[in-house]
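The structure under discussion appears below in the form of structure tokens.
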Amino acid sequence: NIDSGATIANSGTATGFGGLASGDVIPADDGSVGAPGLSFADDADNGLYRIGANNFGVAVAGAKAMEFHAIGAVTAPLQPAFNATSTANQASATGDGTTVTVVFGSERYDINSDFDGVSTFTAPVTGKYLFHFSVRTDDTVSGTNDEGATAIVTSNLGYNQVFNYGVLTEGNSGAERIYWRMSVQCDMDAADTATCTIIIKGGTKIVDVRNDNATTFSGMLVV
């Protein structure tokens, strides 16, 4: 280290000022997630640190944002992702052309806390997000309810999937059960929101959105 303002007097032949030769390395301390061995003078809790043999990590704000494993796997433990399920029936929610926003009351996980625990995901950063939506409905009547659609709706665009499902009904003492599923990759800006909707047309408002493991909403930021 040479302090700022230091001088070297001309007093003969100087030694010990060689450059790096081919094959030389610059070693770094292992460091830690809170103080990486290779960091920045103005941001000391950001950088690279050694976790173990053939295993290192990337720290951001003193937290492990990425890990490179000895087997070659790369994980991003802070990558936004969530999975939520429904916990309450939405009885007589549609059937007459009413658009219903599906409610999910239980989170299996929510990395970065971007899902509000009810119905809405908010994008923490601009990027591409992959979503999957699955919902079960009951009391859809073949020949009466003749069309339905599911949608994942973001702040700037709706992604729709339309069905004519008279041939898809599954008889159950007149109460027809249908499972609806869709997946889509969405382009979202930071603070954009995403929700799930379902609409069933052609009959009266008797169709229930059911609360079971078939009614789920999940998503993640695509790396």
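No experiment lies behind these values; they were computed from the predicted model shown.
- Val25 pairs by the side-chain contact (heavy atoms from CB on, under 4.5 Å) definition with nothing, not counting sequence neighbours.
- By the side-chain contact (heavy atoms from CB on, under 4.5 Å) test, Ile26 is found to be paired with Leu20, residues two or more places apart in sequence or in another chain being considered.
- Scored by the salt bridge (charged side-chain N to carboxylate O under 4.0 Å, His left out) test, Asp116 finds no partners at all (sequence neighbours excluded).
- Every residue meeting the ring pair (Phe, Tyr, Trp, His ring centres under 6.0 Å) condition with Phe217, not counting sequence neighbours, appears here in chain and number order: Phe82, Phe104, Phe131.
- Listed by chain and number, the residues in a side-chain contact (heavy atoms from CB on, under 4.5 Å) with Thr99 are Thr197, Ile199 (sequence neighbours excluded).
- Hydrophobic cluster membership for Val103: Val118 (Ile, Leu, Val, Met, Phe, Trp, Tyr linked by side-chain heavy atoms under 4.5 Å, directly or transitively).
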Run the side chain to side chain contact (heavy atoms under 4.5 Å, CB included) check on Asn89 and Asp208 step by step: do they pass?
CA-CA 7 Å; Asn89 291 337; Asp208 303 334; 5.7 Å; no

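- Applying the side-chain contact (heavy atoms from CB on, under 4.5 Å) test to Thr85 and every residue at least two apart in sequence or in another chain returns Asn83, Ser106, Arg108, Thr216.
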Only pairs under 3.5 Å count here: list side-chain donor-acceptor contacts from residues 149-159, not counting sequence neighbours, and write none if there are none.
unit_1	atom_1	unit_2	atom_2	d
Thr154	OG1	Asn156	OD1	3.0
Thr154	OG1	Leu157	N	3.2
Thr154	OG1	Leu157	O	2.8
Ser155	OG	Thr193	N	2.8
Ser155	OG	Thr193	OG1	3.1

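- Sorted by first and then second residue, the ring pair (Phe, Tyr, Trp, His ring centres under 6.0 Å) pairs with a member in residues 188-211 form an empty list; sequence neighbours excluded.
- Listed by chain and residue number, Asp138 satisfy the salt bridge (charged side-chain N to carboxylate O under 4.0 Å, His left out) test with Arg210 (two or more places apart in sequence, or in another chain).
- The side-chain hydrogen bond (donor to acceptor under 3.5 Å, both in side chains) pairs that include a residue from residues 47-57 are Asp30-Arg50, Asn55-Glu67, where partners are two or more places apart or lie in different chains.
- With sequence neighbours excluded, no residue forms a side-chain hydrogen bond (donor to acceptor under 3.5 Å, both in side chains) with Asp192.
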